[in-house]
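Notes to accompany the following structure.
Each chain gets a letter, A, B and so on, in the order the sequences are listed, and its residues count up from 1.
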Number of protein chains: 2
Amino acid sequence: MLKVDRPKTLKENALESLRDAITSDLIKPGDRLVERTLCESMGVSRTVVRECIRHLESERLIVGVPNAGFIVATISRDEVKEIYDIRIMLECSAVRSCALNADKAVIDKLHQLREQIATCLQNDDVMQALKLTTEFYKLIFTTGGKHVSWDLVERLNARISRLRALTLSSTGRKTKGPVNLLNIIDAIEQKDADRAEEICKKHLTEAAEIAAKLI
Amino acid sequence: MLKVDRPKTLKENALESLRDAITSDLIKPGDRLVERTLCESMGVSRTVVRECIRHLESERLIVGVPNAGFIVATISRDEVKEIYDIRIMLECSAVRSCALNADKAVIDKLHQLREQIATCLQNDDVMQALKLTTEFYKLIFTTGGKHVSWDLVERLNARISRLRALTLSSTGRKTKGPVNLLNIIDAIEQKDADRAEEICKKHLTEAAEIAAKLI
DNA sequence: TATTGTATTATGGTATACAATCATATAATC
DNA sequence: GATTATATGATTGTATACCATAATACAATA
């Protein structure tokens, strides 16, 4: 079936734009979101803005205070820790499934992404590295058939995007990160689910520790 | 401090109402959600309805098809299985933490809830049993400090609410369920995190199996 | 200075208008 | 009769104007 993708609605574009602005730290935690201001800056009507706000509210990226509008959500140390804990569980499970299901095409793609990530980190292009890392894990999750989990992880990641960027660019991470990824791919290639899980866990635990220090 | 609670906004009420209608199977998966119909039946304006829709869309309770409105989300067997898998991970982790943190007040409350649940099941009041079960686990999660996890579990549960109701009222579950809960409480009381986790896992695995048959 | 009053701003919510699109029925054509 | 074209109605997508109320900041007053 030759599907044709429908034109994106204004609301979808606006949502993406607003979410990007938040996750890329253009609008900072605690900042107020004034409806009419957003209308102007995005060039859309209030209706659209309000729908976006509701969507992001449900994603916990922004929080509403009654009669006082919305602010970009802040995040506590405890929440960060919990988010990393949850990610560890979900990613370990995903990487296991992936190890059992991955074919050559997947492995190749993973290697390719890993290389690109390493390059980006060497060039200090953290934003791009973050995007590629997301791709990397998305492939792992979908290969493992963990679509619901990936959905959750994406949301959790959105809430700690700033920390992720900082973590990724931290000195130890720049070289060690890609090595970990390489080990994960190797384990997947050998269908060694246990080892893949173990490395994944280690990798994430390290990230969590760096994040904990940074916050 | 004499706080006065703010009146809930229309949107909040409408959201709850709509979500309830979906989770309680009043509106069934696949059913269309027509904006104006919802406006009338809920007595609110289109703006409010649309905000609710966006919120529920983000919760994956409804899905939108461009230019054709929204339908109540359906769920596949695979998704159900994955949701139960995720719940097992999250609840096991939560029950462990709970076992370490629970004081007498919590234990008492858990016992109380468990009794109420058993009573409801004997009287075939499944809806109420479901609500109480939610309370039961909410207490476990919050006691364990797993607020983010609880948030996720609540959402996942919303997506399988119908299955949960069916599962809960299945013959084997009516008597076995409360026994499992009792065992969990016991383990928590003795601060035996390992056993608590184990029982919790068993309990949920059974539920998942029943659900798998039902779907 | 502390309190009160007031103006401004922003939100919460409604109603309405209109274009774009989809579904369906109907008419026209081969 | 089967297919295509057209018209129609329903519904969404988007914009805008409007009102009431709450929050806030600031001025006025005692």
#### Entry: Criterion salt bridge (Lys or Arg N to Asp or Glu O under 4.0 Å) on B:Glu91 and B:Arg96, from CA distance to verdict
CA-CA 8 Å; B:Glu91 292 188 17; B:Arg96 289 192 72 92; over 6 Å; no
### Query
With no angle test and no hydrogens, is the base of C:dA15 tied to the side chain of B:Ser45 by a donor-acceptor pair under 3.5 Å?
no
### Task
Take atom CD of B:Glu51 and atom P of D:dT12, then tell me their distance rounded to the nearest Å.
16 Å
### Summary
In short, salt bridge (Lys or Arg N to Asp or Glu O under 4.0 Å) pairs touching residues 68-79 of chain B with sequence neighbours left out are B:Glu79-B:Arg159
### Message
Rounded to whole Å, how long is the line connecting atom CD of B:Glu57 with atom C1' of D:dT12?
### Response
13 Å
#### Entry: Pairs touching residues 21-47 of chain A that satisfy side chain to side chain donor-acceptor pair (under 3.5 Å), sequence neighbours left out
A:Glu35-A:Arg46
Residues 114-121 of chain B side chain polar contacts: donor-acceptor under 3.5 Å, at least two apart:
unit_1: B:Thr119; atom_1: OG1; unit_2: B:Glu115; atom_2: O; d: 2.9

#### Entry: Integer-rounded Å distance: D:dT14 C1' and A:Met42 CE
13 Å
Counting only pairs under 3.5 Å, give me each side-chain donor-acceptor contact of residues 141-150 of chain B, with atom names and distances, residues two or more places apart or in other chains.
unit_1: B:Thr142; atom_1: OG1; unit_2: B:Lys138; atom_2: O; d: 2.8
unit_1: B:Thr142; atom_1: OG1; unit_2: B:Leu139; atom_2: O; d: 3.2
unit_1: B:Thr143; atom_1: OG1; unit_2: B:Leu139; atom_2: O; d: 2.6
unit_1: B:His147; atom_1: ND1; unit_2: B:Gly145; atom_2: O; d: 3.4
unit_1: B:Ser149; atom_1: OG; unit_2: A:Glu82; atom_2: OE2; d: 2.7

### Task
Identify, with sequence neighbours excluded, every residue that meets ring-ring contact (aromatic ring centres under 6.0 Å, His included) alongside A:Tyr137.
none
With 3.5 Å as the limit, what N/O pairs link the protein to nucleotides 9-12 of chain C?
unit_1: C:dT11; atom_1: OP1; unit_2: A:Leu33; atom_2: O; d: 3.3
unit_1: C:dT11; atom_1: OP1; unit_2: A:Glu35; atom_2: N; d: 3.4
unit_1: C:dT11; atom_1: OP2; unit_2: A:Glu35; atom_2: N; d: 3.4
unit_1: C:dG12; atom_1: N7; unit_2: A:Arg46; atom_2: NH2; d: 3.3

